[in-house]
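So that the names make sense, note that chain A is the first sequence line, chain B the second, and so on, each numbered from 1.
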Amino acid sequence: MKKISAKAMPRDEFVKICYETVNKELKPQYVNDMKRLGLSCDFNLFYDTINEHSQRISQRSFIELYEKGLEYRKDAPTMWCPKCETGISQVECEDKELDSFFNDIVFKVDGEELIIATTRPELLPACVAVFYHPDDARYQKYKGKMAKVPLFDFEVPIMPDPRADPEKGTGIVMCCTFGDQTDMEWQKAHDLPIKLAISTDGKMTKLAGKYEGMSIQTARKMIIEDMKDQRLLLSQEPIKHAVNVHERCGTEIEFMKAKQWFISYLDKKEDMLKWGAELNWYPKHMKSRYDHWVKGLAWDWMISRQRFFGVPFPVWYCKECDEVILADKKKLPVDPIKDKAPLAKCPKCGCTEFVPEKDVMDTWATSSLTPQIAAELIPDKAIQKKIYPMSLRPQAHDIITFWLFNTVVKSRLHNGINPWADVMIAGHAQDPHGKKMSKSKGNVVEPQVMIDKYSADSLRFWAAGSKLGDDLPFQEKDLVTGEKFITKIWNASKFAFMHLEDYDLKKPKHLEPIDGWIISKLNKIIKTSTEAFNSYEYSKTKQDVENFFWHDFCDNYLEIVKDRLYNPDLRGKDARISGQYGLYHSLLSIIKLMAPIMPYITEELYQLFFKEKEKAESVHIASWPKEVKIDQETEKIGDLIVYAVSTSRRAKSEKNLSLKTELKALVIRGKIELAEFELARGDIISAARALSVEYQKLDEKSEADFEHEIVF
RNA sequence: GGGCUCAUAGUCUAGCGGCUAUGACGCCACCUCGACAAGGUGGAGGUCCCCGGUUCGAAUCCGGGUGGGCCCACCA
């Protein structure tokens with residue numbers, strides 16, 4: 001926060017401060033944040049929407065669309081903050097509940113009283129008409145008549161219009177050209193005169209007569225007082241109503257008239273729907289937001305803003321005839337305020353003086369070009385072609401209607417193609433109560449603080465925890481889960497590496513059933529995870545891998561394979577190699593599957609051990625694990641081992657005994673053949689700590705798959 | 001007011017026609033098992049928001065409510 005006002009200095013100076021803030025403070029901070037978050041980018045290449053490169057492309061876009069006849073400039077109402085004295089866009093507004101009064105004031109028709117309710121009596125001098133609903137019987141008699149405006153004593157027509165709500169106030173409404181959105185629609189629809197009662201600095205204009213120069217609030221008060229005195233104000237009803245205020249200063253916004261630039265696209269709604277349908281939406285339902293937005297479009301795209309900082313329009317106007325003079329496309333970017341127009345005289349009238357366009361483009365006019373801006377960072381045209389159109393736009397759902405939509409529009413208008421194939425729409429982190437985080441509510445959690453306190457991996461682990469597109473409430477305690485996962489995978493890897501020191505990557509002559517079991521289960525996880533990632537369902541991958549790692553791999557597999565790894569003399573060398581094989585491949589795959597979600601810990605483990613055995617320098621460029629085959633028979637034997645182990649654990653736990661307590665005898669019944677059981681016997685004895693293990697085959701028709709008896 | 005979406009243990013979440021409803025945090029009991037007590041084993045805790053309907057069978061599908069979220073519109 002610089003706490004400076006653009007009004008207090010020349011534009012040059014203000015813009016310079018903006019540049020310096022962006023380049024020296026914000027950009028390094030953002031880049032640092034992205035690196036810490038673990039974003040994998042080429043940080044030598046970046047754009048911001050205000051640097052020369054982006055300005056050039058943005059201005060070129062403006063010129064090209066103008067040449068295609070897709071842009072025009074005309075008078076239009078614009079939202080205006082009288083305090084900041086600037087035009088503002090809709091995104092800069094917010095709703096605020098304010099106390100106000102419905103004032104019943106007296107208009108006169110042929111000497112008779114006509115009562116109209118208004119919250120804004122100060123706009124009376126700008127009154128241009130009075131409306132009632134065409135079906136409202138009460139007011140039919142006024143059709144075609146004139147109403148005399150109180151205090152100001154001029155007459156305005158009384159007309160029917162369906163936008164007048166019979167239920168509101170007295171059911172009859174006054175229209176002041178720049179009162180609100182509806183007032184402006186009326187102005188357009190009935191071709192009413194344009195009257196401005198308020199100037200750009202929020203003061204009453206000379207239209208207001210004796211109230212000229214007063215602030216809006218003072219004028220409102222004075223007019224109410226005067227009407228009371230003259231018995232023109234019948235009553236005041238206090239109401240609460242929502243008004244649009246400028247989010248920075250909380251000032252009620254006004255509407256002003258100004259010349260604005262538009263991109264003409266309202267006639268392309270059908271095409272827009274087709275363009276949207278050609279995108280692959282993840283998740284699918286997000287497309288409706290796009291469709292709904294397109295169907296509801298009512299205006300062309302206004303791209304000009306009356307602000308100081310932004311991409312300038314590459315435009316001058318002839319001082320005499322207002323002819324548009326465009327910049328030379330080869331000399332972009334230009335700032336018309338500083339630079340000279342490319343012509344000596346106006347081609348239309350010959351005038352030699354030009355007026356620079358002072359407005360700047362709305363930020364979305366430039367942000368909508370991000371695919372082109374990014375692609376053109378690389379000079380090689382062949383590579384540019386590879387990059388644009390792009391494969392994916394990742395973004396959140398709140399800006400589908402502007403960032404996503406506008407980008408599609410620009411790409412189509414310029415090149416006739418969609419900017420990307422897929423769009424992945426994520427949800428938002430919310431506060432612990434499911435509310436949107438916002439500075440004004442004071443419920444914002446800074447990711448950097450959480451990364452400092454926990455880690456980027458934990459934060460990412462948490463963020464990957466909800467379904468794509470769903471919002472996710474943030475609670476700090478949820479980051480503990482990620483921390484625990486990191487510790488667990490560190491410890492499990494430490495154990496694995498210890499036993500893999502002498503492993504030469506060879507396949508064992510005979511694969512023990514539990515080793516085949518973990519590999520087969522692993523293959524299932526690889527399959528589902530790969531499918532999930534391909535449709536951007538990262539939360540499914542996260543959950544599958546988490547469960548597989550923690551329960552199948554750590555709780556069961558490691559405990560069972562341990563004995564063979566520690567005691568090659570007792571269990572045989574090849575039994576140990578079989579364990580090493582299962583251990584190596586399952587852990588490596590877990591690390592690879594988890595790498596996109598927890599890039600730091602997985603890379604650390606890869607560097608510590610796997611790098612010298614595998615070809616790739618980093619886990620993040622290593623080949624994605626391939627599924628081999630799922631072995632149902634081996635899985636059945638493995639399941640029986642796991643059953644035997646967990647059933648003995650439960651028995652010990654129920655007796656409050658240590659898990660290392662030895663069992664005198666363990667009887668297991670299952671559906672596998674005795675010969676198959678013999679392959680599993682060794683692992684069961686060691687993992688269950690049973691002195692003797694007996695197997696009995698269950699009848700195929702038996703309801704239970706497994707049974708057991710335990711003697712302590 | 002409109003669109004989309006969500007509702008599952010104290011909290012967060014998975015499942016989206018058929019197992020005893022998943023996992024995590026928290027809670028309780030027990031356990032120093034040669035990776036890990038930042039752990040292990042087990043346990044308690046749920047009218048799967050409400051009301052109807054379809055179905056042999058609904059947390060899951062359909063209709064109607066209620067509540068949350070985001071976006072849009074309104075705001076005389």
Side-chain angles (χ1 to χ4, degrees), chain A residues 90 95-98 100 102-103 116-121 123 130-131 163-165 168-176 179-183 186 239-244 283 285-293 295-298 396-402 427-428 430 432-436 461-462 465-467 469-475 477-499 539-540 542-544 546-547 550-551 554-555 558-559 562-563 565-567 646 648-661 687 689:
Chain A
Q90 222 170 338
D95 281 358
K96 200 169 163 186
E97 279 277 317
L98 284 183
S100 183
F102 244 147
N103 302 286
I116 295 180
T118 181
T119 55
R120 303 205 58 186
L123 290 177
V130 167
F131 290 106
R163 280 163 282 207
D165 180 357
K168 236 178 207 174
T170 56
I172 192 156
V173 55
M174 68 173 194
C175 166
C176 313
D180 62 32
Q181 202 85 31
T182 324
D183 287 338
W186 275 321
I239 53 159
K240 267 196 191 301
H241 70 160
V243 291
N244 267 331
H285 68 252
M286 291 295 177
K287 176 173 174 290
S288 343
R289 297 202 186 190
Y290 174 101
D291 290 347
H292 187 248
W293 171 258
K295 285 175 191 159
L297 276 178
H397 54 56
D398 56 334
I399 49 173
I400 291 174
T401 56
F402 24 116
H428 276 226
Q430 299 169 324
H433 309 286
K435 305 272 183 207
K436 188 185 188 178
F461 191 77
W462 165 79
S466 89
K467 228 172 28 181
D470 281 8
D471 294 331
L472 186 61
F474 176 83
Q475 300 188 70
K477 68 182 176 71
D478 292 339
L479 292 185
V480 172
T481 313
E483 289 291 274
K484 287 190 175 182
F485 188 91
I486 293 169
T487 308
K488 189 75 176 176
I489 200 169
W490 175 259
N491 285 324
S493 300
K494 205 170 66 182
F495 170 84
F497 299 162
M498 180 168 84
H499 291 289
S539 63
K540 197 170 164 17
K542 183 215 133 182
Q543 183 159 342
D544 283 354
E546 183 184 2
N547 286 337
W550 208 292
H551 299 113
C554 290
D555 293 346
L558 288 188
E559 293 303 330
K562 220 176 234 180
D563 186 59
L565 293 170
Y566 275 116
N567 305 307
S646 52
S648 1
R649 278 179 189 155
R650 181 177 294 115
K652 291 172 193 175
S653 182
E654 276 166 7
K655 287 190 182 296
N656 289 347
L657 293 169
S658 157
L659 291 184
K660 69 176 182 186
T661 309
R689 291 186 180 256

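Each of U5(B), A76(B), C70(B) was ranked by its minimum atom distance to the side chain of D471(A); first place goes to C70(B). The side chain of W293(A) sits closest to C72(B) out of C72(B), C4(B), U13(B). Listed nucleotides: U11(B), A38(B), U13(B). Nearest to the side chain of T487(A): A38(B). In the set G40(B), G3(B), U13(B), the nucleotide with an atom closest to the side chain of D555(A) is G40(B). Listed nucleotides: G39(B), G69(B), G15(B). Nearest to the side chain of R289(A): G69(B). Here the nucleotide nearest the side chain of Q430(A), chosen from G69(B), C4(B), C12(B), is G69(B).
Not a single donor-acceptor pair, N or O on each side, falls under 3.5 Å between the base of C70(B) and the side chain of K436(A). Side-chain atoms of T481(A) and base atoms of A24(B) include no donor and acceptor less than 3.5 Å apart.
If you check every strand for non-hydrogen atoms under 4.0 Å, W550(A) touches sugar and phosphate atoms only. Backbone-only engagement by F102(A) is indicated by non-hydrogen atom pairs under 4.0 Å involving sugar-phosphate atoms exclusively. In this structure, W462(A) reaches neither bases nor backbone, as no heavy-atom distance under 4.0 Å exists between it and the strands shown. When heavy atoms are screened at a 4.0 angstrom cut-off, K540(A) is found touching no nucleic acid atom at all. R120(A) comes within 4.0 angstrom of nothing in the nucleic acid, heavy atoms only. E559(A) comes within 4.0 angstrom of a nucleotide base, judged by non-hydrogen atoms across all strands. Note on H551(A): only backbone sugar-phosphate atoms sit closer than 4.0 angstrom, heavy atoms only; bases stay farther off. Using a 4.0 Å heavy-atom distance criterion, C554(A) is classed as a base contact. Residue contacts shown for L558(A) include a base, since a base heavy atom lies under 4.0 Å away. At the heavy-atom level, K488(A) lies under 4.0 Å from base atoms of the strands shown. Here N567(A) lies in heavy-atom contact (under 4.0 Å) with a base.
In this structure D563(A) satisfies the side chain to side chain donor-acceptor pair (under 3.5 Å) test together with N567(A), R571(A), sequence neighbours excluded. Every residue two or more places apart in sequence or in another chain that forms a side chain to side chain donor-acceptor pair (under 3.5 Å) with H428(A) is listed here: D398(A). The side-chain contact (heavy atoms from CB on, under 4.5 Å) test applied to K655(A) returns L657(A), F712(A), not counting sequence neighbours. A search for side-chain contact (heavy atoms from CB on, under 4.5 Å) contacts involving L659(A) returns R649(A), K652(A), not counting sequence neighbours. Shown here are the side-chain contact (heavy atoms from CB on, under 4.5 Å) partners of T119(A), two or more places apart in sequence or in another chain: S100(A), F102(A), I239(A), H241(A). The side chain to side chain donor-acceptor pair (under 3.5 Å) search around E483(A) returns S455(A), S458(A), not counting sequence neighbours. The side-chain contact (heavy atoms from CB on, under 4.5 Å) test applied to Q475(A) returns P432(A), K477(A), D478(A), not counting sequence neighbours. Every ring-ring contact (aromatic ring centres under 6.0 Å, His included) that F485(A) has, sequence neighbours left out, goes to F461(A), F549(A).
Remark: the backbone N or O of S466(A) is not paired with any side-chain donor or acceptor of D470(A) at under 3.5 angstrom. No side-chain donor-acceptor contact under 3.5 Å links D183(A) to the backbone of C175(A).
The separation of C70(B) from G26(B), taken at their P atoms, amounts to 29 Å, rounded to a whole angstrom. Here the separation of U55(B) from A44(B), taken at their P atoms, is 37 Å to the nearest Å. Rounded to whole Å, the separation between the P atoms of G46(B) and C71(B) comes to 37 Å. Going from the P atom of U54(B) to that of A9(B) covers 28 Å, rounded to whole Å. Distance noted for atom P between A14(B) and A7(B): 7 Å (whole Å). Between A29(B) and G68(B), the two P atoms lie 39 Å apart (nearest whole Å). Straight-line distance between the C1' atoms of C12(B) and C51(B): roughly 28 Å, to the nearest whole Å. C72(B) and G18(B) have their C1' atoms separated by 42 Å, given to the nearest Å.
With rounding to whole Å, H397(A) atom NE2 is found 12 Å from C72(B) atom P. Between H285(A) atom NE2 and C71(B) atom C1' the separation is 12 Å, expressed in whole Å. For D291(A) and C71(B), the CG to C1' distance is 14 Å, given to the nearest whole Å. The distance from atom NE2 of H428(A) to atom C1' of C12(B) is 19 Å, rounded to the nearest whole Å. Rounded to whole Å, atom P of U5(B) lies 11 Å from atom NZ of K467(A). In this structure, the CD atom of E546(A) is 9 Å from the P atom of C25(B), given to the nearest Å. Whole-Å rounding puts the M174(A) CE to A76(B) P distance at 10 Å.
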- Evaluate the criterion side-chain contact (heavy atoms from CB on, under 4.5 Å) for residue pair V173(A) and V130(A); output intermediate values, then yes/no. CA-CA 6 Å; V173(A) 55; V130(A) 167; over 6 Å; no
- List the steps and the verdict of side-chain contact (heavy atoms from CB on, under 4.5 Å) for W462(A) and K542(A). CA-CA 10 Å; W462(A) 165 79; K542(A) 183 215 133 182; over 6 Å; no
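Between F495(A) and R649(A), the residue whose closest nucleotide on RNA chain B is further toward the 5' end is F495(A). Nearest-nucleotide positions on RNA chain B for G469(A) and T118(A) put G469(A) closer to the 5' end.
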Close N/O contacts between protein and nucleotides 43-46 of chain B (under 3.5 Å):
none

Write down the protein N/O and nucleotide N/O pairs, taken from nucleotides 26-31 of chain B, whose separation is under 3.5 Å; answer none if there are no such pairs.
residue: C30(B); atom: O2'; partner: N656(A); partner atom: OD1; Å: 3.3

Acceptor/donor pairs from residues 285-292 of chain A side chains to any protein atom, 3.5 angstrom cut, sequence neighbours excluded:
residue: K287(A); atom: NZ; partner: D291(A); partner atom: OD2; Å: 2.7
residue: S288(A); atom: OG; partner: H285(A); partner atom: O; Å: 2.8
residue: Y290(A); atom: OH; partner: M272(A); partner atom: O; Å: 2.8

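Within a 6.0 Å radius of CH2 in W490(A), no more than 12 heavy atoms belonging to other residues, nucleotides or ligands are found.
Proximity of the aromatic rings of F402(A) and W293(A) is defined here by a centroid distance below 6.0 angstrom, and this criterion is not met.
Counting only Watson-Crick or G-U wobble pairs whose defining distances are both under 3.5 Å, the stems of 3 or more consecutive pairs in RNA chain B are B:1-7 with B:66-72, B:10-12 with B:23-25, B:27-31 with B:39-43, B:49-53 with B:61-65.
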